[in-house]
Amino acid sequence: MLPPVAEGACSLERLRIYAFRNYAEQSVEFGPGINVVGGRNAQGKTNLLEAVATLLLTRSPRASTSADVVAWGSDEALVEARVVRPAADRTLAIRFRRDLGSGRVTRTATVDGSPRPARDLLGLCPVVLFWPEDLQLVKAGPDGRRRLLDVVLSQLDARAAADLLRYRHVLEQRNSLLRQIRAGSASPAPLQGFTRELVSSGSRIQVARAALVEALIPHGREALAQIGGGEELGLHYLPDGGMERGDGLEATEQALAATLRRRHEEEIARGATLAGPHRDDLELLIDGRPARSAASQGQQRSIVLALKLAEVRHIAARAGVMPVLLLDDVLSELDPGRRHDLLSGLAAAGLQTLITSSELLPGSLPPGTRRFEVAAGRVVAEARA
Amino acid sequence: MGLIPAAVERLAAEFGRLPGIGPKTAQRLTFHCMSATPESTQRLAGALRDLHDGVRACRRCFFIADDELCAVCSNPRRDRTLLCVVEEPLDVLAVERSGEFGGVYHVLGGALSPIDGVGPDQLRIEALERRLDDGEVSEVVIATDPDVEGEATAHYLGERLASREVVVSRLAHGLPAGADLQYADEVTVARAFAGRRLV
């Protein structure tokens, strides 16, 4: 299912969390292969995976602000992990602190105990997330599909990670200015400077996304074939703002700048930025037809799983190491046969996989799987399956 | 009654409001002050008390001064034809430390930031234009930060000053000198490449 990677896999050896969501203080020793976190609903299974994702991606993929992850009544939260890597093992930590004056929560990151900018953590232990809402990826709005691309990009390409942050920020500034111009409370003169910033980071993002989609296509095809789909998967990047297929950075910049110029009046009337990568989409095709309308429920699940495996393959090919895979409560969506094939494929590829499941998953678990049980914000039991 | 006396709580809370100080550091500073001599805490208190009385903004460039004009503006050896525009007074200190710049400054008091309601009128841009009116300045170096707001402000100033008989330049951003290329982060290296020039 996944080709072996010469350099090996990244894995979390020991996770330590403090005042994160409903966890007071917890240490977990994960195995290098499949780890299943069981327990009843609302006990903290997902929070444990969220802590891992927050550390490896430097921010929570589900919380809207850092304040959300700090346990109620605490001024500080910590996620720390010993990460085994083919190059060199590292201890990564991210700490959230509530400022007493402003009440705002700030993040600080360390690698092996020395302070680093949070962005330095990105890609040290690449991760692929599979969350239940991803199952709607085919039918839901484009933001989930953009996020899929961006999570991969920001872990593999520091420049792209910086551009994504910068773009988000300049978009907020520019939209705010457009609203003020519409309301008559600001002059349009400063707009041009923000437009230039938007175009420069925005077109770099589009060029990077276009290259990523091209790279994902063969991986996605192979993955879908292997998980038993007879159909051919197609990925079609739809950049917003005029970029054409094959355009380089300069052509992309010119196209986006021209589109923004053309829509200037409309932008002011609507008080919003009307072109750029925040409106991109990734079209998913099955046998050449839009999967949104053509794919059955079962096919949609297969497409999403193929996309996730394509992420794993691409990261393995690009970074030279297998990422850690986080599967939150998605196995119950697969029938037992497919579930078994998936888990044994992951185990054979040497991927560390952290899985939450409220079911016991009988008969699906390969040898060497470790099981954990979560109850009321504590990992209460640990046993080999 | 709490575990900690109110006077201690109060000082720790004040320290905790300072930038970069978390609750634990605030407590450590407070306990340090408690174990220090009354004279040294008096000295600290006195320095804090006199800060605002002893400092004002320079009438010309808005850098900090203890008189009408700051030390740069009142120095006759500074080159008055060369003017460096910065966001904050701290930026003046950064440029001064380089020893590279012999001109004078203009402190804008921030950068354009629509989210925070900062437009051109909230910055000291009119004051800058008045300074340029007499024609003594021949070059304006824009040294705003390389972040989104600083870049947008630089672009805006460039346009606003374009009709004047003055050269407007932008500080290049590139590699930190003295640092090995291999230790610079990718973003800095990429920017340095984008801003390369002929040798």
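So you know, we letter chains A, B, ... as the sequences are listed, proteins then strands, and number each from 1.
Judged as a side chain to side chain contact (heavy atoms under 4.5 Å, CB included), and not counting sequence neighbours, Ala269(A) has no contacts.
Note that CD of Gln173(A) is 4.5 Å distant from CD of Glu149(B), once rounded to the nearest 0.5 Å. Interatomic distance, Gln192(A) CD to Glu159(B) CD, rounded to the nearest 0.5 Å: 6.0 Å. To the nearest 0.5 Å, atom CZ of residue Arg196(A) and atom NE2 of residue His155(B) are 5.0 Å apart.
The most heavy-atom pairs under 4.5 Å with chain B, out of Gln180(A), Arg97(A), Glu76(A), Arg98(A), come from Gln180(A).
Heavy-atom neighbours of chain A within the stretch residues 108-143 of chain B, taken at a separation under 4.5 angstrom, comprise Leu112(B), Ser113(B), Pro114(B), Ile115(B), Pro120(B). Taking non-hydrogen atoms and a 4.5 Å limit, the residue list of residues 40-68 of chain B in contact with chain A is empty.
Note on residues 260-271 of chain A: pairs passing salt bridge (charged side-chain N to carboxylate O under 4.0 Å, His left out), not counting sequence neighbours, are Arg174(A)-Glu267(A), Arg263(A)-Glu266(A), Glu266(A)-Arg270(A).
With a 4.5 Å cut-off on non-hydrogen atoms, Ala189(A) touches chain B through its backbone and its side chain both.
Counted within 6.0 Å of CZ on Arg10(B), heavy atoms from surrounding residues, nucleotides or ligands total 12 or fewer; the atom is thus considered open. The local environment of CZ in Arg318(A) is sparse, with at most 12 non-hydrogen atoms from other residues, nucleotides or ligands closer than 6.0 Å. Counting heavy-atom neighbours within 6.0 Å of Arg279(A) CZ, excluding the residue itself, gives a total above 12. The number of heavy-atom neighbours closer than 6.0 Å to OH of Tyr23(A), taken from other residues, nucleotides and ligands shown, is above 12.
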